[in-house]
Structures are given as C-alpha cells and as structure tokens.
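First comes the structure, then the notes that go with it.
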Amino acid sequence: MNARTLPTLVAVAHGSPDPRAERSTAALLRLVRALRPGLRVEPGFLENDRPRLADTLAGLCGGGRAVLVPLLFSRGYHVKHDIPGVLENVRDDLTVSTAACLGPHPLLVDALHSRLIEAGWHRDLTDPHADAVVLAAAGSLDPESAAGTEYTAHMLADRLGGVPVLPAYASASRPTVPEAVAALRERGHTRIAVASCFTAPGLFATRCAEAAPGVAAAPLSAHPALARLLLHRYDQARGAIPAPAPTPLPATRRPALAAGPQR
C-alpha cells in the first residue's frame, strides 16, 4: 500500500500543564515519522495541550481515514470513555479506528529496561537479594488497567533476570511509590530503583521520581522502542499484522514476582 493511501496515525496523548510534556510528545512523533517516511502522523491531546483530539480529527474530515494510537499503557478511563466520547462527534466522512493501548508489550519493557540502565541501574552481583524495582504508573480505578500494569511488571522482572518488580501508582490506585518502597524494604531489599512508566515528564512522573530512594529512571519520551511500539499498534489496528492477544487476567497469571525473597 502506498504511503499516501495509508490512514493517518493520530497519537492520542493525555496532555499536561507541564510544557515539557508537549515537547516530549513532539519529539516522539518526529521519531515515528523518521521510522515510517511518508506516513502522516498527527498529535491529538485529551486535556491541557493543543491540538485537542477533536480538532485534529476535524482537520482530517473529507473522506479520510485515521488510526488513533493511545499514548497510554493500559486500558483505563481515557481509553474506554474519553476517546469514544470524542469519536461520537466525528463526521461521517472520516473513518476512524482505535488501536490497542501501548502496554503490555515487550517493546514497552525494552524501553523501561533501557531507561533504567541509562539512569545507572545495575544488578548487585555481591547480594542477589538486594535489588528491587518499583514500576511507577499513573494509576486508575479500572481493574483492567491495574491488570495491564501488573503484567508489565512481571515482564520487566523477567527482563531484569528475576529482580522483583512491584507496581505502584501516582493516583487513584495503591500502593503509592513510597508505600511500595516501604514494602520492599520490609522484605529485605536495600537497593530499590524506580522505573518510570510515563510517556513524558509531568507532575506524576516528577512525584514518583522524588520518592525513589536510589536510581530513578526518566520517562520513556522519545525512546526508539516506544516509537516502534506506536507503529506496531498502528499496523495492528489497520490489519497489516495480527491483533494483540488479550492481557491475561490476574487469576490466570503466575504468583506475583513482586513478592520477592523474605529476609
């Protein structure tokens, strides 16, 4: 298929009052365009920043097609309610489909692992029980969102060679990052890092990083693995590759790696 006939990729970001967030999203989309020359890639924000998603879609009307790729890591309120609410008002001459959210996925784990290494994380080979990681995410009251974050934590633990990874949240859910750090300390872990499951800098990412007792990874931002993941979800939504498998429910997953060793 010629690039000119492909649907427009609309990256749907939450938006933030922090100006760094909009710049970070722009940098990520520049990388996406570089990986797929000729593909039209546009941002659409749900809050705070512009252009708003509704305005982006209005600019595509006139017989066009678009694939919305949520820059969100699990299925929560924004995926299930905010985006469909915007689509209710889209004109009939625009055909729109919505891709799966970014996580869980091995490419997301690649980006999380890479940011940890960049921040200076390394395993303490002298004490195999010292290390643990808190996976900091935005948080949601939706149990499906929590399941996605928990599964990403399992995948990251595997990538780290079995280092316990405990999910924690900046809002809505528990444990918070300080609570997760305290729980890991009670289990005997002395080297606790925080992995940042955020697409861009902002209040939540900053708050979680400040609670880190050791290494705090940067938000994923314009990481090459994240850019490839956007295109992967886009290709799945337009039918070019198989659709993603459902995230396993908590009852079907193995015991939480976050339990870690007791000391």
Are the side chain of [X] and the backbone N or O of [Y] linked by a donor-acceptor pair below 3.5 Å?
X      : Y      : result
Arg123 : Gly161 : yes
Arg238 : Pro7   : no
Gln236 : Pro242 : yes
Arg65  : Thr5   : yes
Ser24  : Arg20  : no
Tyr234 : Leu229 : no
Asp131 : Asp124 : yes
Ser145 : Leu141 : no

Of all pairs that satisfy salt bridge (charged side-chain N to carboxylate O under 4.0 Å, His left out), the ones with a partner from residues 98-121, not counting sequence neighbours: Asp110-Arg159, Arg115-Glu118
query: Is there any salt bridge (charged side-chain N to carboxylate O under 4.0 Å, His left out) pair reaching into residues 51-62, and which pairs are they, with sequence neighbours excluded?
result: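 Sorted pair list comes back empty.
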- prompt: What heavy-atom pair brings Ala137 and Thr149 nearest, and what distance separates the two atoms?
  reply: CB-CG2, 4.0 Å
task: Quick one: closest heavy-atom pair of Thr56 and Pro51, and the distance?
output: OG1-CG, 3.4 Å
message: Is there a path of hydrophobic side-chain contacts, each under 4.5 Å between heavy atoms, that joins Leu71 and Phe204?
response: no
- prompt: Does Leu53 share a hydrophobic cluster with Phe45, counting links as ILVMFWY side-chain heavy atoms below 4.5 Å and allowing steps through other members?
  reply: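 Different hydrophobic clusters.
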Evaluate the side-chain proximity of [Y] to [X]: yes if any heavy-atom separation is below 4.5 Å, no if none is.
X      : Y      : answer
Leu87  : Leu68  : yes
Val90  : Val96  : yes
Leu231 : Val32  : yes
Val194 : Val215 : no
Leu31  : Leu226 : no
Leu112 : Leu135 : yes
Leu46  : Ile83  : yes
Ile241 : His232 : yes

field: Pair Asp235 + Arg36: basic N to acidic O under 4.0 Å
entry: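 Arg36 and Asp235: salt-bridged.
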Identify all side-chain donor-acceptor contacts of residues 164-173 below 3.5 Å with residues at least two apart in sequence or on another chain.
{"residue": "Ser171", "atom": "OG", "partner": "Ala138", "partner atom": "O", "Å": "3.1"}
{"residue": "Ser173", "atom": "OG", "partner": "Ser140", "partner atom": "N", "Å": "3.3"}
{"residue": "Ser173", "atom": "OG", "partner": "Ser140", "partner atom": "O", "Å": "2.4"}

- prompt: Could you give the distance from OG (Ser16) to CD (Glu47), rounded to the nearest 0.5 Å?
  reply: 10.0 Å
From OG1 (Thr25) to CG (Asp49), nearest 0.5 Å: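 CG of Asp49 is found 7.0 Å from OG1 of Thr25.
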- request: Determine, using ring centers only, whether His189 and His129 are less than 6.0 Å apart.
  value: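 Not close enough - the centres of the two rings lie 6.0 Å or further apart.
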task: Any chance you could lay out the side-chain contact (heavy atoms from CB on, under 4.5 Å) test for Val69 and Leu102, step after step, and finish with the verdict?
output: CA-CA 8 Å; Val69 182; Leu102 298 181; 4.2 Å; yes
